[in-house]
Number of protein chains: 2
Amino acid sequence: MRGLSIGGLAQKSGVNLETIRYYERIGLMPKPDRTEGGHRSYEDSDIRRLSFIRRARELGFSLADIEALMALDEGGGAPCAEARSIAATHLEKIESKIADLERFRMVLKATVLKCDGKSVKGCEVLNVLDGRSPEDAD
Amino acid sequence: MRGLSIGGLAQKSGVNLETIRYYERIGLMPKPDRTEGGHRSYEDSDIRRLSFIRRARELGFSLADIEALMALDEGGGAPCAEARSIAATHLEKIESKIADLERFRMVLKATVLKCDGKSVKGCEVLNVLDGRSPEDAD
DNA sequence: GCTTGAACCCGTAGCCACTACGGATTGTAC
DNA sequence: GTACAATCCGTAGTGGCTACGGGTTCAAGC
């Protein structure tokens, strides 16, 4: 085999083999050359592209976002403003998600702390989820 | 109609009508009585159960977690310790998710700030995703 | 050159938690 | 009685993978 096998690419990029095939199927990764026997044969540029995808996924970008970012990267035009805007929008989403989670964390933490793990009735965790306010519970 | 229609339940509980049918299908909600014509007819207890589910979902519990929590709530045995443990485990998950997102946020924020939206080459957003460290980029 | 066993092929189905569709039936208000 | 909203049901689609399984190919050892 001349190029990289899909398994080799999976190792080098840190992306699951099945996921690579999935990315190819949905058009996120280009169709690679094939060996005579039909096995996929990748090049170095595929490692870079796939690593880009992996990093962006780790940062929580959707595959649609990633597609747009990669198109910008290749377009060459004046991508920076657009890339910045995609990232900024994504940043906002992440920030609001963090805020949401922080609120959940506080409720949960308070709830878990109140629950002594003994009392059968009036379990604070269940009280909260039942919509009984903590004040009612005692 | 004697009881509550599915539409009414949807309104009162704040859960989408289709979602209610889905919950019934997967066994999370009990099968309600039916009118002569076959329409679902709900009781007040269904509002409570569904509201419990909704609140738990909003706190990020999985449906499997919720099923377990509701079983504890009904079992009556010594559920508090278990409910506490489910909630505590969930709290840990949320906390690590927050930590992850915080890291993403920092990277993204730094990235967006560095990107001036003008320079065609060396766009910081794309650099980061390309795995080029910020130091290399200049 | 031959054999073995790992790697790879492909299509399909499953996961979670919904949401949407669409044609048929029922409920309800006038 | 009629019009029209609400509900019925099964099925399919969403995103982002992951798993399965039976068949083929590759690469290394002898």
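Per chain, numbering begins at 1; letters A, B, ... match sequence-line order. Reckoned from all heavy atoms, side chains included, excluding hydrogens, waters and symmetry mates.
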message = Any salt bridge linking A:Glu58 with A:Arg55? Criterion: basic side-chain nitrogen under 4.0 Å from a carboxylate oxygen.
response = no
remark   = Contacts of B:Gly37 and A:Phe61 projected onto DNA chain D by closest heavy atom; the upstream (5') one is B:Gly37
message = Rounding to an integer number of Å, can you tell me how far B:Tyr22 OH sits from D:dC8 P?
response = 18 Å
task = Could you check which of C:dC8, D:dC17, C:dA17 has an atom nearest any side-chain atom of A:Leu17?
result = C:dC8
key: Electrostatic pair B:Lys31:B:Glu24 at N-O distance under 4.0 angstrom   = no
key: Of A:Leu9, A:Ile20, A:Ile47, the residue whose pairing with A:Val15 passes side-chain contact (heavy atoms from CB on, under 4.5 Å)   = A:Ile20
query = Does A:Arg40 place a side-chain N or O at less than 4.0 Å from the phosphate oxygens OP1/OP2 of C:dC10?
reply = yes
ask   = Can you check the A:Leu50 CG to D:dC17 C1' distance for me, whole Å?
value = 14 Å
remark   = To the nearest angstrom, the CD-P distance between B:Gln11 and D:dT7 comes to 9 Å
query = Is the phosphate of C:dG27, meaning OP1 or OP2, less than 4.0 Å from a side-chain N or O of B:Thr35?
reply = yes
ask   = Which whole-number value in Å describes the distance from A:Ile6 CD1 to C:dA6 C1'?
value = 15 Å
inquiry  = So which atom in A:Lys109 and which in B:Leu91 form the shortest heavy-atom distance, rounded to 0.1 Å?
reply    = CA-CD2, 3.9 Å
query = Taking only side-chain nitrogens and oxygens of A:Ser5, does any of them come within less than 4.0 Å of OP1 or OP2 of D:dC26?
reply = no
task = Give one of base, sugar-phosphate or nothing for A:Ile26, where a contact means two heavy atoms less than 4.0 Å apart.
result = nothing
ask   = Any idea which heavy atoms bring B:Ser41 and B:Pro32 closest together, and the distance?
value = O-CB, 3.7 Å
query = Given D:dC17, C:dA17, D:dG16, which nucleotide is nearest the side-chain atoms of B:Ser62?
reply = C:dA17
ask   = Below 4.0 angstrom from OP1 or OP2 of C:dT25, is there any side-chain N or O of B:Arg34?
value = no
ask   = Between the base of D:dG10 and the side chain of B:Arg21, is there any donor-acceptor pair under 3.5 Å?
value = yes
ask   = In whole angstrom, what separates B:Asp65's CG from C:dA17's P?
value = 9 Å
ask   = A:Tyr23 near the nucleic acid: base, sugar-phosphate alone, or nothing, with a heavy-atom cut-off under 4.0 Å?
value = sugar-phosphate
request  = Measure the distance from CD on B:Glu18 to P on C:dC21 and round it to the nearest whole Å.
outcome  = 10 Å
inquiry  = Need to verify one output field. Residue with the more 5' nearest nucleotide on DNA chain C, B:Gly38 or B:Ile53?
reply    = B:Ile53
remark   = On a heavy-atom basis, the closest approach of B:Tyr23 and B:Arg57 is OH-CG, 4.0 Å
ask   = To the nearest angstrom, how far is A:Tyr42 atom OH from C:dA7 atom P?
value = 16 Å
note = Here the distance between atom P of D:dG16 and atom CE of A:Met29, to the nearest Å, is 17 Å
task = Please state whether the phosphate of D:dC17, meaning OP1 or OP2, lies under 4.0 angstrom from any side-chain nitrogen or oxygen of A:Arg57.
result = yes
request  = Look at A:Arg25 and C:dT12 and indicate whether a side-chain polar atom (N or O) is within less than 4.0 Å of OP1 or OP2.
outcome  = no
